[in-house]
Amino acid sequence: MNFIITAAQKAVLELYSTEVEESVINIQETRKEFEGQVTIVVFPVTKFSKKSPEQTANEIGAYLQDNVAEVTGFNVVKGFLNLSLAESYFLNLFNKQVLSADFGIIPPNGKKVMVEYSSPNTNKPLHLGHVRNNLLGYSVSELLKANGYDVVKVNLVNDRGIHICKSMLAWQKWGNGETPESSGLKGDHLVGKYYVIFDKEYKKEIEGLKEAGQTEEEAKKNAPLIKAAQHMLQQWEAGDAEVIALWEKMNGWVYDGFNVTYKTLGVDFDKFYYESNTYLLGKDTVEEGLAKGVFFKKEDGSVWIDLTADGLDQKLVLRADGTSVYITQDLGTAEMKYDDFGMDESIYVVGNEQDYHFKVLFLILEKLGKSWANGLYHLSYGMVDLPNGKMKSREGTVVDADDLIASMVATAREKTVELGKINDFSEAEREALYQNIGLGALKYFLLKVEPKKRLLFNPAESIDFQGHTGPFIQYTHARIKSLLSKAEYHFAAGSAEFSGIMEVELEMIQQLAKYPEELAIAAKAYSPASLANYLYELAKLFNKFYHEVPPIVKTEAGEAKQFRLNLCKKTADIIYSGMKILGITSPERM
RNA sequence: GCCUCGGUAGCUCAGUUGGAUAGAGCAACGGUUUUCUAAACCGUGGGUCAGGGGUUCGAAUCCCUUCCGGGGUACCA
């Protein structure tokens, strides 16, 4: 559409003898209720024309119609100049650009970006909140790849700490040697079970101590179980062989469980970092900060940074006893990651509860003069809430990832069987399809929402398979594939001679042509949501077209048929690759 | 208290650097299949864009302010 802007600039120059910036020419797609395809909003131009909006629009419209071949007509509504473009313009756009082999394929840009996501704790299974994180992280990675980046996906596993010891201790005390094999439980669920048991027993102890006269605070500190867990953490840090062996065994169960879930979700990683290897990092960075005068030491020996000048607070970076806090290790880990990969950008996919933490982390790294600090980005996303509030694993109000996936797949199975369209499929093909559709529904549901917005999930209302959903788009793809196969489609270049193109086809060409720009917009905003919504619009448009156009398969061969088949093929291609970026596979049939 | 992110139809969400009468889906109601997949299509009803003020030719969008909700807030991660 750039040629319209250029032409309009020229119109203003000739009509009103003023050279104007591109930004003065405000163009947008014409709304459905008006005639035309492109609209120039002329209000900004009236400043130069010194005429009414209507008159200005009419003058520019007349000029464009006379001087630009593609402009075949215009109409003016208030300050809006609606232009009608020639059919040949759209056919050329489609044949020369959209249909070209490299359309939507962005060449490497030579930049490397790291995406850290998932980052689970190894004391409990994944829940819906983690699912949002995983899908977002994976999808953003794919989005960046599609935009020419070299992407490194990493997972920083929180595999140590007091919460892990809680599960270990509870298992030791009440587990009777239970294993995933003996219990039939998935490893992460088994360990999670003991995490919950710990909490229950711990609460009992607190109640007991309170009855014995202690305050809530005292009781929480003095309960034997928490003391035992703390002791176990010390033993772990000291490298106690028995504790380490238990830790390795139970974490192994959890990893087996996570791997199953990751595989089902279709997410993957190029490298795993483990906090058990990184938790001591960062102390060098603290020394460096002290030497540079960025940090200061208090009388008790604790180390701080003063960020009040930046509108933040003073922040502790090292405890008085010399041990690390969360941000200490994150400082060290950030350096290690950069040393490992030397990336230009680094994205942390972490919930918005840590907004402040990352603001501080990045600011500190900047103040330390790290050259790579301004390439750091916190992709912050909103919590997944239930109708009655937040999910809490210790209170059992979580939506478990594995359960949810299983129920989505079960629903996909029910609906598919009901429709009975794949009765000739083999058992394996059916199962694969149920997975595809069930996960398609789940993934689309989570990804279509702007990441930073909180997301409400109501377990009582199942996720839809109709309307603005993943399966709707998948279905559109399957429909096209079926049509192409019946038409025995072969690619052949189209010509611009074909006339009698339908309005909906013009709309589709415009929608298809936007794809590369949509990829860029989504990547720039680190937001798969806009891509998800774009694909929905495209699918919706196709279904309208499909309904309005006379049956293509039965049409006799000719320009019209070839054009429409090409249109179908390209739509299927873009749906397929766009959905792939969302981590969703579009089936050939469903 | 302070910082921060949200508030758009009954519900779930779109809404581009400020542009036309604020759009979809679900739910409700009505219609479409001897035609390429009806997980589709077409139609009807449904709005104080949280409230107020301001900037502007023009505000859901920008600024100020109030209300409501989430998150954070100096030795948890």
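Reminder, nothing fancy here: chain letters follow the sequence lines and each chain counts from 1. Any value given below was found using the heavy atoms of this structure, including those in side chains, with hydrogens, waters and symmetry copies removed.
- In the set B:U35, B:A39, B:C75, B:U35 carries the atom at the smallest distance from any side-chain atom of A:Lys554.
- The interatomic distance linking A:Gln474 (CD) with B:U37 (P) rounds to 18 Å, in whole Å.
- Among the nucleotides B:C42, B:G19, B:A40, the one closest to any side-chain atom of A:Lys544 is B:C42.
- For A:Arg319, counting side-chain heavy atoms from C-beta on, the closest listed nucleotide (B:C75, B:G6, B:U35) is B:C75.
- B:U35 is unpaired under the criterion used here, namely a Watson-Crick or G-U wobble arrangement in which both key atom distances are under 3.5 Å.
- Both distances falling under 3.5 Å, in either a Watson-Crick or a G-U wobble arrangement, place B:G1 opposite B:U73.
- Nucleic acid contact for A:Thr416: base, since at least one base atom lies under 4.0 Å from a heavy atom of the residue.
- The nucleotide whose nearest atom lies closest to any side-chain atom of A:Val449 is, among B:A74, B:C13, B:A20, B:C13.
- A donor-acceptor contact under 3.5 Å is formed by the side chain of A:Thr39 with the base of B:A20.
- The aromatic ring of A:Phe43 is not stacked on the base of B:G58, since the criterion of ring centres less than 5.5 Å apart with planes inclined by under 30° is not met.
- In this structure, A:Leu531 atom CG and B:A14 atom P are separated by 14 Å, rounded to whole Å.
- Comparing B:G19, B:G25, B:U37 by their closest approach to the side chain of A:Val41 singles out B:G19.
- Searching all strands for a Watson-Crick or G-U wobble partner of B:C11 with both distances below 3.5 Å returns B:G25.
- Between A:Phe362 and A:His378, the ring center distance fails the sub-6.0 Å criterion.
- Here A:Phe80 lies parallel enough and close enough to stack on the base of B:A20, with planes under 30° and ring centres under 5.5 Å apart.
- Where A:Val553 and A:Pro471 meet RNA chain B, the nucleotide closest to each residue was compared, and A:Val553 sits on the side nearer the 5' end.
- The side chain of A:Tyr546 has B:C36 as its nearest neighbour among B:U4, B:G15, B:C36.
- For A:Gln466, the side-chain atoms get nearest to B:C26 when compared with the rest of B:C26, B:U4, B:C41.
- For the pair A:Tyr475 OH and B:G25 P, the interatomic distance rounds to 16 Å; values are reported in whole Å.
- Between A:His468 atom NE2 and B:C11 atom C1' there is a gap of 15 Å when expressed in whole angstrom units.
- Spacing between atom CD of A:Glu418 and atom P of B:U37 amounts to 20 Å, rounded to whole angstrom units.
- Between A:Tyr475 and A:Phe472, the ring center distance fails the sub-6.0 Å criterion.
- Ring centers of A:Tyr348 and A:Phe358: under 6.0 Å apart, within the cut-off.
- Using atom P as the reference point in both B:G7 and B:A14, the two lie 9 Å apart (nearest Å).
- For A:Ala320, taking side-chain heavy atoms from C-beta onward, the closest of the listed nucleotides B:A14, B:C75, B:A20 is B:C75.
- Proximity of the aromatic rings of A:Trp236 and A:Tyr279 is defined here by a centroid distance below 6.0 angstrom, and this criterion is met.
- The CD1 atom of A:Ile552 sits 16 Å away from the P atom of B:U35 (whole-angstrom rounding).
- For A:Ile463 and B:A27, the CD1 to P distance is 15 Å, given to the nearest whole Å.
- When Watson-Crick and G-U wobble pairs are counted only if both distances are under 3.5 Å, B:G18 pairs with no nucleotide at all.
- The residue A:Glu450 sits close only to the backbone: its heavy atoms come under 4.0 Å of sugar-phosphate atoms, none of a base.
- With B:G25, B:C75, B:G72 as the candidates, the nucleotide lying closest to the side chain of A:Tyr356 is B:G72.
- Of the candidate nucleotides B:A77, B:A74, B:U37, B:A74 has the atom lying nearest to any side-chain atom of A:Trp304.
- Looking at A:Asp300, its side chain comes within 3.5 Å of the base of B:C75 through a donor and an acceptor atom.
- Cation-pi check for A:Lys315 over A:Trp304 is not met; the charged atom does not lie both under 6.0 angstrom from the ring centroid and within 45 degrees of its normal.
- Residue whose closest nucleotide on RNA chain B sits further toward the 5' end, between A:Asn543 and A:Leu483: A:Leu483.
- Between A:Tyr195 and A:His163, the gap from one ring centroid to the other reaches at least 6.0 Å.
- Look at B:G30: its Watson-Crick or wobble partner, with both distances under 3.5 angstrom, is B:C42.
- Residue-to-nucleotide contacts include no donor-acceptor pair under 3.5 Å from the side chain of A:Asp330 to the base of B:A77.
- When heavy atoms are screened at a 4.0 angstrom cut-off, A:Asn158 is found touching the sugar-phosphate backbone but no base atom.
- When the C1' atom of B:U12 is taken as reference, atom CG of A:Leu446 falls 12 Å away, rounded to whole Å.
- With sequence neighbours excluded, no residue forms a salt bridge (Lys or Arg N to Asp or Glu O under 4.0 Å) with A:Glu461.
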